[in-house]
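For reference, the structure is listed below as structure tokens.
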Amino acid sequence: PPPPPRPRGRAGPARAPARLGAMAHQGHSHSMQCGGAARRAKLPVVVLTGYLGAGKTTFLNYVLKEQRDKRLAVIENEIGEVSVDDALVEQKRDDMAEELIVLDNGCICCSIRGDLQKALKDLANKCESGAVKLDGILIELTGAADPAPVVQTFFMDDVVRQAFYVDNVIALVDAKHCLEKLDESKGNPEEKGTACAQIAFASTVLLNKTDLVDEATISECEKRLTEVNRVVDIIRCQQARVPLDRLFNVNAFDLAKVLDEQYMDEQEFYEFYKPKMDRSISNVGVQFQGAIVMCKFQHLLDNLLGDEESAKDFLRIKGVLNVQGSDDMFVLQCVHMLKTQNFARPWADKQRENRIIFIGRGMQQRRKELTDAVMACVAKPLRFDVGDEVQARVEKGYTLGKVIKQWDELNAYRIRLRGEGREVWAPADEDVFIKASKKHTPKAKRKP
């Protein structure tokens with residue numbers, strides 16, 4: 001049971017967002033313009049938090065695509081060995097994100113909080129000078145971050161406090177894994193307290209992926225969420241899609257209410273609060289050149305995530321990959337057994353560099369295994385040319401055929417079977433799918 005209520009502070013800074021909200025509804029613009037206008041208004045800030053795989057990047061893409069009239073600066077925080085999120089953010093062609101800043105030297109809730117302060121001050125200076133005009137800031141935290149220290153920044157740093165205010169702290173929650181994460185967090189708050197901390201300091205919860213669970217589970221999730229934070233506004237959604245007028249310029253965040261809920265006064269919050277971090281999480285990143293064979297990569301994913309026991313340690317897998325046979329960027333996002341993958345957009349003139357990161361428990365111990373498995377998916381020169389006679393694996397074993405195309409629809413070979421006229425694919429250049437006929441020697445074995 002919670003401790004009995006006790007007196008709580010009501011110092012001035014905690015009430016700042018409420019006062020700004022009243023001004024906004026009297027018709028004042030929050031856009032920070034140059035010169036004197038910059039000194040008349042503060043820019044609203046939305047802090048986006050949520051556990052690994054809850055849908056934060058999906059939500060960010062949705063915001064950048066759907067909203068038409070706001071000029072937003074986006075600050076992303078990554079803690080992985082390989083930076084992936086900046087590639088996953090689908091900026092609109094007309095640069096809807098006025099500024100995109102990636103902070104990847106550590107977690108901004110603890111080790112690189114100074115980097116966040118610097119980024120915010122730089123934005124304030126650009127607005128003051130007229131170099132950029134903004135309507136707001138959106139800060140996306142890592143899935144392992146506690147939002148409370150980020151919120152502190154907007155009350156404790158004088159320059160930041162004068163330029164910005166916290167409009168909303170939005171926590172994305174994955175309905176399918178909500179109860180499991182809350183149980184973990186509550187059961188071991190010192191080592192795995194992140195999930196509860198994210199809810200505790202949120203003013204809005206987006207209960208996402210409700211299409212993956214039944215009504216009873218959704219109701220239980222809502223009940224458990226309100227046990228952590230009674231005053232939070234819970235909005236059900238799918239694909240992280242919510243009317244944006246319910247999330248932006250709503251003056252939803254009230255520090256006094258948050259601290260009331262957590263039985264904490266402001267002095268405690270400012271001076272003694274320690275971030276709740278999930279210290280059991282580690283990550284392994286792989287960054288490399290070359291194209292991957294889709295068939296091999298899908299086999300790798302099946303091995304890692306094919307059943308609940310093997311998938312439970314993989315909290316998140318994210319990747320941007322160059323697939324042999326395609327000119328489009330392949331984007332991968334996994335949460336335990338759930339996989340979302342698609343060809344997102346053309347590489348165009350961008351360097352075709354593969355980046356994939358595994359986030360979860362026990363990842364460091366599996367570093368070599370994961371790295372070797374990914375690198376084994378890289379395509380090698382093909383053994384057979386168009387026109388070569390080969391043996392193709394079909395339902396009843398091998399049958400003779402002729403190679404008629406290489407890298408056809410992501411498959412290594414397209415083969416026309418002799419006599420039948422039927423065409424089949426060999427998804428990878430391996431003997432299990434295709435091998436030399438008795439009359440033909442593969443290129444790899446030919447004498448120079």
Side-chain angles (χ1 to χ4, degrees), residues 51-54 56-57 76-88 102-112 141-145 177 180-181 184 188 190-195 275 277-324 329-341 351-380 428 430:
Y51 206 71
L52 294 155
K56 296 185 297 299
T57 301
E76 288 188 301
N77 182 210
E78 290 194 70
I79 59 171
E81 297 177 342
V82 172
S83 177
V84 174
D85 283 352
D86 58 322
L88 297 180
V102 179
L103 305 178
D104 57 6
N105 291 322
C107 182
I108 59 176
C109 82
C110 48
S111 61
I112 63 162
L141 307 185
T142 73
H177 299 104
E180 172 192 347
K181 300 308 176 190
E184 281 184 358
N188 188 357
E190 292 302 317
E191 294 295 323
K192 301 179 181 179
T194 308
M277 299 292 294
D278 191 332
R279 305 183 193 282
S280 66
I281 296 174
S282 60
N283 70 87
V284 170
V286 188
Q287 190 168 354
F288 59 98
Q289 302 289 333
I292 67 165
V293 179
M294 179 64 88
C295 167
K296 291 185 176 182
F297 185 71
Q298 293 300 321
H299 182 65
L300 167 61
L301 289 182
D302 288 343
N303 285 340
L304 297 178
L305 309 176
D307 60 74
E308 290 187 10
E309 185 61 28
S310 62
K312 66 180 182 181
D313 289 335
F314 290 91
L315 303 177
R316 197 84 162 87
I317 301 176
K318 299 185 287 186
V320 178
L321 301 170
N322 174 27
V323 175
Q324 185 70 54
M329 183 184 296
F330 184 72
V331 173
L332 167 77
Q333 300 197 58
C334 304
V335 181
H336 296 300
M337 294 181 71
L338 298 177
K339 293 181 285 187
T340 301
Q341 46 189 339
Q351 183 180 11
R352 297 194 181 195
E353 183 178 62
N354 299 282
R355 289 180 276 170
I356 185 168
I357 185 165
F358 303 90
I359 306 172
R361 299 193 170 98
M363 295 297 106
Q364 286 295 331
Q365 294 90 321
R366 302 178 68 172
R367 174 181 293 280
K368 186 177 188 305
E369 171 197 344
L370 293 171
T371 302
D372 290 349
V374 170
M375 296 307 297
C377 298
V378 176
K380 297 178 175 61
E430 296 182 348

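Rounding to the nearest 0.5 angstrom, the gap separating the CG atom in Asp307 from the CG atom in Asp302 is 10.5 Å. Within the model, atoms CG of Leu141 and NZ of Lys56 stand 8.0 Å from one another, a figure rounded to the nearest 0.5 Å. Rounded to the nearest 0.5 Å, atoms OH (Tyr51) and CD (Glu180) are 9.0 Å apart. Phe288 contributes atom CZ, which lies 9.5 Å from atom CD of Glu353 (distance to the nearest 0.5 angstrom). For the atom pair Leu321 CG and Met329 CE, the distance stands at 10.0 Å (nearest 0.5 Å). We find the CZ-CZ distance between Arg366 and Arg361 to be 14.0 Å, quoted to the nearest 0.5 Å.
Glu430 and Lys380 are not joined by a salt bridge, as no carboxylate oxygen comes within less than 4.0 angstrom of a charged side-chain nitrogen.
Listed for the Gln364 side chain is a donor-acceptor partner under 3.5 Å among the backbone atoms of Asn283. A donor-acceptor pair under 3.5 Å is absent between the side-chain atoms of Thr371 and the main chain of Lys368, judged by distance alone. Thr194 contributes no side-chain N or O that, together with a main-chain N or O of Ala145, makes up a donor-acceptor pair within less than 3.5 Å.
In this structure Glu309 satisfies the salt bridge (charged side-chain N to carboxylate O under 4.0 Å, His left out) test together with Lys312, sequence neighbours excluded. Evaluation of the side-chain contact (heavy atoms from CB on, under 4.5 Å) rule for Gln298 yields Met294, Leu301, Phe330, Gln341 as partners, not counting sequence neighbours.
Side-chain contact between Met337 and Leu304 is absent, with no heavy atoms from C-beta onward closer than 4.5 Å. At a threshold of 4.5 Å between non-hydrogen side-chain atoms, the residues His336 and Phe314 do not count as touching. Looking only at side-chain heavy atoms (C-beta outward), Arg316 and Gln333 come within less than 4.5 Å of each other. Under the 4.5 Å side-chain criterion, counting only non-hydrogen atoms from C-beta, Gln289 is not in contact with Asn354. Within the 4.5 Å cutoff, the side chain of Leu300 has heavy atoms near those of the Cys377 side chain. Side-chain contact between Thr340 and Cys334 is absent, with no heavy-atom pair separated by less than 4.5 Å. Contact annotation: the side chain of Leu370 approaches that of Met363 to within less than 4.5 Å [non-hydrogen atoms, C-beta and beyond]. Residues Ile317 and Leu332 have side chains in contact (heavy-atom distance under 4.5 Å, counting atoms from C-beta outward).
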**Message:** Walk me through whether Met375 and Val286 qualify under side chain to side chain contact (heavy atoms under 4.5 Å, CB included).
**Reply:** CA-CA 9 Å; Met375 296 307 297; Val286 188; 4.2 Å; yes
**Request:** Please report the C-alpha distance between Asp313 and Phe358 in whole Å, then the side-chain angles of each, then the deciding distance to 0.1 Å, and finally whether the side chain to side chain contact (heavy atoms under 4.5 Å, CB included) criterion is met.
**Result:** CA-CA 10 Å; Asp313 289 335; Phe358 303 90; over 6 Å; no
**Request:** Apply side chain to side chain contact (heavy atoms under 4.5 Å, CB included) to Leu338 and His177, showing your working.
**Result:** CA-CA 11 Å; Leu338 298 177; His177 299 104; 4.1 Å; yes
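The shortest non-hydrogen separation linking Lys296 to Ala376 is CD-O, 3.7 Å.
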